[in-house]
Each structure stands twice: as structure tokens, then as C-alpha cells.
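See structure below.
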Amino acid sequence: QVTLIESGGGLVQAGGSLTLSCAASGRTFETNVVGWFRQTPGQERKFVSAISWGPGSPIYADSVKGRFTIDRDNAENTVYLQMNSLKPEDTAVYYCAALTYGNAWDRADYDFWGQGTQVTVSS
């Protein structure tokens, strides 16, 4: 069992920045990847970014590439999503998720999910 708790959401003006945190607890050693997803009303939950606890390059959706940076602190079992140059279309509930094995791009392969944190970008 792994528990994930997101924090750091809020209201920000377009062009501003926010950093989200995902704190993992429980049997985190059984997971290999932590990803971020986002969802707006009436749409499916979409992939944003993912990072391995071990070596390897993080991956990003094209919509956030160059603006968002994912990072992790293994000692604290925490993954961060630094969001810069925010746009109104970034408004969504952001979720973190942990994957044991599978395709890190595929929402269906993730095993554990947090409850989400709201990010609202005003124009």
C-alpha cells in the first residue's frame, strides 16, 4: 500500500508560477515511477509528467514541455512539479500517481493515486 498526498495548489495569475508537492508514504520502495496528471470538467484525466525514483530522464507532455519541471527528493519520498509561465489552459485539478511497472505515459497503468489539488490560472 502507498499513500500519496498532493499540496501546493492555488490561484495564480497568467505568467506566474506554482510548485506542487506529492508526498508518498507506505511501501514506496515497491513503486518505480511517480507521475502527474490533470483533469478539467468534462475531460479525461491527462498525463502531464513523470519521473523515476532511480536514474533516467523525466518525461513531459508536449503541452507543458519547457514550462514545467518535475523533480524528486528520494530521502523525503516527495516529488515536485514546478510550473512556470502558467496559462489559463493549465487550470485543472492536479493528481499525482505511482506506478510499479508498465507504461509511464499510460494513465491506466498507475497503481496508486492522490486526491488532487486545484490549480487555477486567471487571465
_Tell me if the CD atom of Q43 is crowded by more than 12 foreign heavy atoms within 6.0 Å._
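Atom CD in Q43 is packed in, count exceeds 12.
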*Could you tell me which residues satisfy salt bridge (Lys or Arg N to Asp or Glu O under 4.0 Å) with R45, sequence neighbours excluded, listed by chain and number?*
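Partners of R45 under the salt bridge (Lys or Arg N to Asp or Glu O under 4.0 Å) test: none.
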For residues 96-106, please give each side-chain donor-acceptor pair under 3.5 Å, one per line with the distance, not counting sequence neighbours.
from : atom 1 : to   : atom 2 : distance (Å)
T100 : OG1    : D111 : OD2    : 3.1
N103 : OD1    : W105 : N      : 3.0
D106 : OD1    : A108 : N      : 3.0

_Show every side chain to side chain donor-acceptor pair (under 3.5 Å) that has at least one partner inside residues 3-14, sequence neighbours left out._
none
_With rounding to the nearest 0.5 angstrom, report the CG to CZ distance, D62 to F47._
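One finds 10.5 Å between CG of D62 and CZ of F47.
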*Once you round to the nearest 0.5 Å, how far does SG of C22 lie from OH of Y80?*
10.5 Å
Mind checking whether [X] and [Y] sit in one hydrophobic cluster, side chains of I, L, V, M, F, W, Y counted as touching below 4.5 Å?
| X | Y | value |
| --- | --- | --- |
| I59 | Y110 | yes |
| V34 | F68 | yes |
| I70 | L20 | yes |
| L81 | V33 | no |
| F112 | W36 | no |

_Restricting to non-hydrogen atoms, name the atom on L4 and the atom on A24 that form the minimum distance, rounded to 0.1 Å._
CD2-CB, 3.6 Å
_Taking every non-hydrogen atom, the tightest pair across D90 and R67_ =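 Smallest interatomic distance, heavy atoms only, reads OD2-NH1, 2.8 Å.
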*What class does the angle between the rings of Y95 and W113 fall in, given that below 30° is parallel, 30 to 60° is tilted and above 60° is perpendicular?*
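Taking W113 first and then Y95, their aromatic rings stand perpendicular (interplane angle over 60°).
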Show me, pair by pair, the donor-acceptor contacts under 3.5 angstrom made by side chains of residues 82-89, not counting sequence neighbours?
from : atom 1 : to  : atom 2 : distance (Å)
N84  : OD1    : S17 : OG     : 2.9

*Do N77 and R72 come close enough that some side-chain heavy atom pair is under 4.5 Å?*
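No - every pair of side-chain heavy atoms lies 4.5 Å or more apart.
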*So I51 and V79, side-chain contact (heavy atoms from CB on, under 4.5 Å) or not? Walk me through it.*
CA-CA 8 Å; I51 191 169; V79 174; 4.0 Å; yes
*Under the side chain to side chain donor-acceptor pair (under 3.5 Å) test, which residues partner Y94, sequence neighbours left out?*
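Y94: side chain to side chain donor-acceptor pair (under 3.5 Å) contacts with R38.
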*Given K46 and R107, is the side-chain contact (heavy atoms from CB on, under 4.5 Å) satisfied, shown in steps?*
CA-CA 8 Å; K46 297 179 180 178; R107 178 187 61 232; 5.9 Å; no
*Where the side chain of T78 meets the backbone of E76, is there a donor-acceptor pair that is under 3.5 Å apart?*
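Here the side-chain-to-backbone pair exists.
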_Would the distance check show the side chain of T28 and the main-chain N or O of S25 forming a donor-acceptor pair, the cut-off being under 3.5 Å?_
no
*Taking ring pair (Phe, Tyr, Trp, His ring centres under 6.0 Å) as the test, write out the residues that go with W53, two or more places apart.*
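W53 satisfies ring pair (Phe, Tyr, Trp, His ring centres under 6.0 Å) with no other residue.
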